[in-house]
Amino acid sequence: MSEGSKPPKRQALKAIKGTHDILPGETAAWHRVEGLAREHFARYGYREIRTPVFEETELFARGIGEDTDVVSKEMYTFGDRDGGSLTLRPEATAGIVRSVIEHNLSNVDPLLRVWAMGPMFRRERPQKGRQRQFHQVDVEAFGVTAPGIDAEIVEMGFAFLERCGLSGLELILNSVGDAEDRQRYAGVLREALRVQASALCADCQRRTETNPLRVLDCKVPSCQPVIEALPKIADHLGADARDHFAEVCRQLTLLGIPYRTSHRLVRGLDYYTRTTFEIVATEGLGSQSTVLGGGRYDGLVRDLGGPDLCGIGFALGVERLLLLAPPAGDEPRCDVFLMPLAAAAGDPALMAQKLLRNAGVRAVLDHGFWRRREVGASPAGAPSDSAASSAPAPVEGRSFKSRMKLADKLGARFVAILGDDELAQGAWSVRDMKTSSQEPVPLPALVEHVKGRL
RNA sequence: GUGGGUGUAGCUCAGCUGGUUAGAGCGCCAGGUUGUGGCCCUGGAGGCCGCGGGUUCGAAUCCCGUCACUCACCCCA
């Protein structure tokens, strides 16, 4: 044995930083959320739309805003072979709006209401409730200027989270006004901030010039007194926007949805107008407390080259939702575990499996009866002299007892046994794993027997 | 991009101020007589103690570096 002959250790392959596998034991929780979304949004007349995960970079740059953090430093952008610039979507709305314009959907469907679900990509430093690939459920409604649609969307989102089993939620509302209001207020704010620049943190001093609204979001303690004393956007809204917001609030109250308003709720994407909202969890998400956020975007469709079509929507983070949702128990994977014991039982079991599946029964055939040709093929547990023997023993050649354990592990309700005795009798021994009772069932009657009992 | 924390078995973690063959629980495998799961008992497999260097007679343990993960800032779902 030469000392230096160790194989060079390779860097193990692993998922990209900030991405995660959703393992078989976890998918049940996702299915639950997805199923609830489908069902819940359908109640409100929303249909699913699916758009590509990548788009031309320009779409996001124009839609979300060049100066936003998302666009300026968080996008996964890459060159296409023909020289174009593509970007993995960092959020859903831009792509959906592009699709609406491209296919003229608002014309086809005056009540255009859609929802979507899928992965989004942002190159941020991962932490609790924040990943580089994460999933959002997204909802958009187009073409209704009335405040009622704002209330509907907010109520729909809130109710959805409740149906997912979340509690301890807080709904926060604000209005950032129409584009002109926002513009004007930003100017007012900038003036006020410049006067007090020395009292602000470095970030806020920068934001004073780049995006003064963001100062309102600052969490640095020393900035708080200044922020509290700043002029409020509520005092700078146009009459229409003010009335609109008041009506949204009135309807939510009428619907019994608890909320609070915050003049400091400023969303980070440039396209928002009038109503903005956020649902935060009071605990369980670390510092990432926002589960759902959204707002109205009355100028976006036009800005992206479409008709002057208003819109409103929200996005909710599925991973964050799952962090807050009660754990989902794992679902049983099998109704009937077919266990042929003799070689002659293999074919009947194979046929039975097919019939069961055709009848909608989840059937798993145990291959434990299969014998390899080699004599004395090393049974499970025997040490192998191969260095790389970390793979588990194959299921073939396991004991009867061990195979029963497999059936139990699968959560099988019934185990159908076919050995020499059963073959002679022409009947399965069907064990009900729940009651631990066992009875003979004639070969052709298996499907009927289990179907009647599931 | 900037800080803090943590890297030991598939998972969750012990391992005190350096001292023999590195441990537990869970999980996995096998047994507890013939063909019967869960509960219990017994046994077993499985670790370059993240990686590299240094100090030392001796390092999982101390020091430096590096990488990874994680939490937080920024920002957002």
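Naming: A, B, ... by sequence-line order, numbering from 1 per chain.
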note: A:Lys17, atom NZ; B:G1, atom P; distance rounded to Å ~ 9 Å
In whole angstroms, the gap separating C1' of B:U34 from CG of A:Leu341 amounts to 13 Å
Other residues, nucleotides and ligands only: do more than 12 of their heavy atoms fall within 6.0 Å of CG on A:Leu23? yes
For this session: Describe the nucleic acid contact of A:Ala407 in one word from base, sugar-phosphate, nothing, applying a heavy-atom distance below 4.0 Å.
Result: nothing
Sugar-phosphate only, base, or nothing, as touched by A:Ser402 at under 4.0 Å among non-hydrogen atoms: sugar-phosphate
Kindly give the atom pairs (protein nitrogen or oxygen, nucleotide nitrogen or oxygen) under 3.5 Å for nucleotides 2-12 of chain B.
unit_1, atom_1, unit_2, atom_2, d
B:U2, O4, A:Arg125, NH1, 2.6

Residues in residues 31-67 of chain A with a heavy atom under 4.0 Å of RNA chain B, by number, are none
Practice task
Ignoring backbone atoms, test whether A:Gln127 places a side-chain nitrogen or oxygen under 4.0 Å from the OP1 or OP2 oxygen of B:U70.
Solution key: no
ask   = So what does A:Leu321 touch, heavy atoms closer than 4.0 Å: a base, only the sugar-phosphate, or nothing?
value = nothing
Between CE of A:Met339 and C1' of B:U36 the distance, given in whole Å, is 8 Å
Practice item. Could you check whether A:Lys401 gets within reach of a base, just the sugar-phosphate, or nothing at all, counting any heavy atom under 4.0 Å? Key: base
Taken to the nearest whole Å, CZ/A:Phe400 to P/B:U33 is 16 Å
Using a heavy-atom cut-off of under 4.0 Å over every strand shown, decide if A:Gly129 touches base, sugar-phosphate, or nothing. base
Would you kindly say whether A:Thr87 and A:Glu56 are connected by a side-chain donor-acceptor distance under 3.5 Å? no
Assign A:Gln288 to base, sugar-phosphate, or nothing according to its heavy-atom contacts below 4.0 angstrom with the strands shown.
base
